[in-house]
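When a ligand or atom number is given, it counts from 1 through the structure's own listing order. Because the structure is predicted, anything quoted here is derived from the model rather than measured.
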Amino acid sequence: MFSPDDTIVAIATPAGRGSLGVVRISGSDAQGIAARILIRDLPLEPRHATFARVRAYASEAQRPVDEVIATWFPAPHSYTGEHVVELSTHGSPVVLQQVLKSAIDAGARLARPGEFTLRAFVNGKKDLIQAEAVADLIDAVTPLQARVAFDQLEGTLTTKIAAMDAGLLELIAALEASIDFPDEGYHFIQPDAIACGITSVIDELDRLLEASTRGRVIRDGATVVIAGRPNVGKSSLFNALLGHDRAIVTETAGTTRDLVTETCDIEGVRVTLVDTAGVRETSDRVEIEGVWRGARARDVADLVVVVLDAAEAMTSDDERLLTENSNRQNVLVANKSDQPSVWHRDDAVLVSATSGDGLETLRRRIVTALGAGEPQRDSAAISNVRHATLLERARTHLAQARDAAAHDGISEEFVLADLHAARISLGEVVGTHTSEDVLAHIFERFCIGK
Ligand SMILES: Nc1nc2c(ncn2[C@@H]2O[C@H](COP(=O)(O)OP(=O)(O)O)[C@@H](O)[C@H]2O)c(=O)[nH]1
Ligand SMILES: [Mg+2]
């Protein structure tokens, strides 16, 4: 899919104007290309930041286009594991394009999306989890997302998987020895010991999978819909959670008629917050449409925040909304706590959208209900559906292997087949067993220059 022998080049910094921009060149001819486009008598020294000028290579005049700092990272001590030259230019899109063109004219090929990181993977600088973590880290919009991605980049998950794989390899070795010397029966390992060894790997997988809901909510964010009858303070609560006045608030019932959507950071989780029209019987056509849209939004929400007015008796509209949302993931809010309450429910968070009382508790309740609460100590978060699916598959094979091992008369070959299959699934997570299609799919979502 990619030609691995080309020397590639791309602008590594985002589109737009800045004080600096970076052009990255990687491949066997990186130095040669740098020598052709830099106006400089001496070759670059390894790992030294060197001042130089870049020329327009193909033009007649070969006139200088910018002053740059050039750094040469000799293979294999570079991001990609190949020779890499990085040019820090002035951050003008025009200058960056000229430097890029000059490198292409001097023999480089424009890199495809993710090609630098793909090369890092192919050259063993990063496993697949870490390569994917690079994309996640770049895409992160909350500090928590960045932390989870960075942990994976550091290899927390990789280490866990390597430990499980080593455990399985040991069991496989013992079982294979038993097969090679059939007269000895289970001489090298007892069935109990096999089952026990498999169980400890299954337990470890379960811990990882348990933490995966949290990881996925952190990585992908969640949609939270605010519902309630008119005038209970939905829009006020929406604004309070956002921290600015986005939705219109008035004392007139039926003010909000369309969905109002904003993203915000709730305890590190990227939440798409949706304010809806109040649920009530109405003959106003616009309001009917609004109520219908609100119902649709609740259907697709990860969580519904049902707002009730603590200062007023509950109505049949409230009751209906409570029943309707009881099967959904929900958090109940008793709003207007600054006024005397006329009812009380243990399961509702007492909040005042106008004074801000109770908002902290509400934020925590939302995050907990989304399954993204405080992490277990020392847990590596699985944030990626691909990882979770493969780990589930490994678990299924291990459960089968354990069953087979527990049955007298089932041959070791069956146990072995499942243990091997489990190792393959684990290997796919890290990237030791991964098809080209999967790789292409993963690297597609990178931007050019990464
Ligand atoms: N005292 C008090 N009034 C509130 C509170 N939250 C909202 N309100 C008032 O209730 C009315 C309706 O608020 P709004 O947010 O538009 O409700 P919505 O129709 O559910 O979106 C407005 O007059 C708000 O100022 C609160 O916590 N305390
Ligand atoms: Mg409103």
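In this model, a donor atom of one side chain and an acceptor atom of the other lie less than 3.5 Å apart for Glu287 and Thr282. Checked by atom type, the side-chain pair Glu67/His90 shows no donor-acceptor distance below 3.5 Å. No hydrogens or angles considered: nothing links the side chains of Thr223 and Thr272 as a donor-acceptor pair under 3.5 Å. No side-chain donor-acceptor contact under 3.5 Å links Asp357 and Ser352. For Asp265 and Thr142, the side-chain atoms include no donor-acceptor pair closer than 3.5 Å. Inspection of the Arg229 and Thr315 side chains reveals an N or O donor paired with an N or O acceptor under 3.5 Å. A side-chain donor-acceptor contact under 3.5 Å links Asp127 and Thr158. Side-chain contact check for Glu82 and Ser26: at least one donor-acceptor pair (N or O, by modelled atom type) lies under 3.5 Å. Judged purely by distance below 3.5 Å, without hydrogens or angles, the side chains of Glu132 and Asn384 pair a donor atom with an acceptor atom.
Protein heavy atom in closest approach to atom 6 (N) of ligand 1: Asn335 ND2, 3.2 Å. Looking only at protein heavy atoms, the nearest one to atom 19 (O) of ligand 1 is Asn231 N, 2.9 Å. Shortest contact from atom 28 (N) of ligand 1 to any protein heavy atom: Asp338 OD1, 2.8 Å. Atom 27 (O) of ligand 1 has its closest protein heavy atom at Ala353 N, 2.9 Å.
Here is the list of ligand 1 atoms found below 4.0 Å of a heavy atom in Gly233: 7 (C), 13 (O), 14 (P), 15 (O), 17 (O), 18 (P), 20 (O). Within the listing of ligand 1, atoms 1 (N) sit less than 4.0 angstrom from a heavy atom of Gln339. Near Ser236, meaning under 4.0 Å from one of its heavy atoms, ligand 1 places the atoms 6 (N), 7 (C), 13 (O), 14 (P), 15 (O), 24 (C). Of all the atoms in ligand 1, the ones that sit under 4.0 Å from a non-hydrogen atom of Ser235 are 15 (O), 18 (P), 21 (O).
The closest non-hydrogen atom to atom 24 (C) of ligand 1, taken over Val307, Val249, Val333, comes from Val249. Residue Thr354 holds the heavy atom nearest to atom 26 (C) of ligand 1 of all those in Val260, Thr354, Thr250. When the heavy atoms of Lys336, Arg229, Glu251, Lys234 are ranked by distance to atom 10 (O) of ligand 1, first place goes to Lys336.
For Tyr79, there are no ring-ring contact (aromatic ring centres under 6.0 Å, His included) partners two or more places apart in sequence or in a different chain.
Taking distances strictly below 2.8 Å, the protein N/O/S atoms close to the Mg ion (ligand 2) are Ser235 OG, Thr256 OG1.
For the pair Arg24 and Phe116, the cation-pi criterion (under 6.0 Å, within 45° of the ring axis) is fulfilled.
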